[in-house]
Amino acid sequence: MDYQNITTERKEAVLIITVTREKALNAMNKDVIAELQHAFDSYKADDSLRCVILTGAGPKAFVAGADIKELNTLTGVTGHEFSERGLRLMRTIQSFPLPVIAAINGFALGGGSELALACDIRLAADTARLGQPEVKLGLCPGYGGTQRLTRLVGRGKAMQIMLTGGMFSAAEAHRIGYVDEVYPADELMDKAMAMANEIAAQGPVAVRLTKELVNAALEVGETAGCEMEKQAFALTCATDDKNEGTTAFLEKRAAAFTNK
Ligand code: DAK
């Protein structure tokens with residue numbers, strides 16, 4: 001697929017996906033969603049990748065939301081397709097076999113905030129502004145915001161954010177747990193790369209399983225989750241990487257993991 005609205009760039013084991021619809025503040029129209037879906041689907045089976053960074057082009061926006069021009073023209077039928085496509089993308093990112101870091105370089109509003117919420121870790125520039133302004137447009141959030149944001153910040157703050165539709169600074173978003181770290185804007189991508197490389201250096205099977213288990217913590221009860229952890233732990237014990245990781249520690253050297 002020839003991408004017009006995103007770019008993909010490999011830096012060794014890290015893939016950087018950038019939404020490049022800068023003239024519309026990277027708002028997600030159906031083409032952006034289709035291209036992101038294609039990119040995540042295509043890289044899913046890439047055995048040499050260890051981490052993904054998702055960001056927006058330019059200094060102003062991560063993603064300023066779903067495309068309001070497109071929203072304006074939706075009918076019952078096209079609205080259903082619109083909903084299905086976006087939700088599928090969010091599910092793809094959340095269940096992607098590798099960690100996905102959102103590098104929030106500016107506005108992350110509505111569907112853009114929800115895109116960041118579907119990622120595993122949210123790093124924000126100090127200039128970023130986040131929010132779920134859908135109610136201002138007579139809409140409720142539609143790409144999982146009511147669920148994922150509530151789990152992150154708690155019921156009261158989630159209500160405040162989504163019922164007022166207000167915008168929050170990166171510092172405030174960090175204080176309430178909406179984003180995980182805040183950096184000076186010009187350091188954001190370096191910090192994101194450093195974290196991605198740190199993740200890339202860990203045991204790949206263990207990283208993959210850990211992501212699945214943490215996600216499961218929000219879906220299943222504690223007993224079932226701990227049972228899943230037991231099975232996953234046993235699985236890691238059967239990998240070459242566990243032998244390599246533990247032996248490397250005992251031999252006081254860096255581990256050379258092989259993803260096996
Ligand atoms: N869609 C389309 N174009 C957008 C846009 C958006 N979300 N955000 C900005 N743009 C465009 C502007 O129209 C403008 O285009 P031109 O006029 O130059 O052609 C250009 O980007 C630059 O924007 P501004 O001139 O407005 O820039 P400012 O710096 O003055 O303001 C802003 C920046 C981010 C405060 C402002 O642009 C703004 O308020 N944008 C809208 C933000 C917003 O409301 N986002 C949430 C959209 S609603 C659902 C699933 C998902 C959703 C709903 C339902 N279901 C499954 C049911 C999601 C809904 C949303 O995301």
Side-chain angles (χ1 to χ4, degrees), residues 4-7 17-37 40 54-95 100 102-119 122 124-153 157-173 178-179 182 185 188:
Q4 308 296 324
N5 298 280
I6 67 167
T7 57
I17 302 179
T18 307
V19 179
T20 57
R21 202 174 165 235
E22 210 179 324
K23 63 179 184 333
L25 300 187
N26 302 323
M28 281 191 298
N29 61 9
K30 65 177 179 355
D31 296 331
V32 172
I33 290 183
E35 291 179 21
L36 286 173
Q37 184 70 51
F40 277 101
L54 180 58
T55 193
K60 244 181 122 171
F62 173 70
V63 167
D67 189 291
I68 297 173
K69 278 189 199 137
E70 222 172 59
L71 285 174
N72 183 248
T73 63
L74 288 181
T75 63
V77 173
T78 56
H80 189 267
E81 286 160 16
F82 168 90
S83 177
E84 192 43 50
R85 276 194 304 262
L87 285 169
R88 179 165 166 243
L89 174 64
M90 304 302 152
R91 280 195 300 269
T92 298
I93 294 172
Q94 184 159 316
S95 62
V100 182
I104 305 170
N105 53 306
F107 291 113
L109 301 172
S113 162
E114 289 167 307
L115 184 67
L117 290 166
C119 296
R122 279 155 294 284
D126 55 2
T127 50
R129 309 265 294 157
L130 296 93
Q132 297 284 160
E134 286 90 339
V135 286
K136 291 181 190 286
L137 302 169
L139 291 163
C140 66
Y143 288 155
T146 56
Q147 305 305 301
R148 294 192 180 100
L149 186 57
T150 304
R151 287 183 170 128
L152 270 189
V153 304
K157 268 292 162 198
M159 289 286 191
Q160 183 191 344
I161 294 166
M162 289 184 270
L163 299 182
T164 66
M167 269 193 238
F168 291 74
S169 67
E172 176 64 2
Y178 195 162
V179 299
V182 179
L188 175 67

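All ligand and atom numbering here is 1-based and tracks the order in the structure.
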Sort and list the pairs that fulfil salt bridge (Lys or Arg N to Asp or Glu O under 4.0 Å) and have at least one residue in residues 71-80, not counting sequence neighbours. none
Across all chains, not counting sequence neighbours, the side-chain contact (heavy atoms from CB on, under 4.5 Å) partners of A185 are A125, D126, T127
Taking ring-ring contact (aromatic ring centres under 6.0 Å, His included) as the test, write out the residues that go with Y143, two or more places apart. F82
Going by atom types only, do E35 and N5 share a side-chain donor-acceptor pair under 3.5 Å? yes
With respect to T55, which candidate in N26, N105, T18 satisfies the side chain to side chain donor-acceptor pair (under 3.5 Å) definition? N105
Between Q4 and R21, do the side chains contain a donor N or O and an acceptor N or O under 3.5 Å apart? no
Collect the protein residues that have a non-hydrogen atom under 4.0 Å from ligand 1 and hand them over in chain and number order. K23, A24, L25, A27, K60, A64, G65, A66, D67, I68, L71, F82, S83, F107, L109, G110, G111, P133, E134, L137, C140, G142, Y143, M167
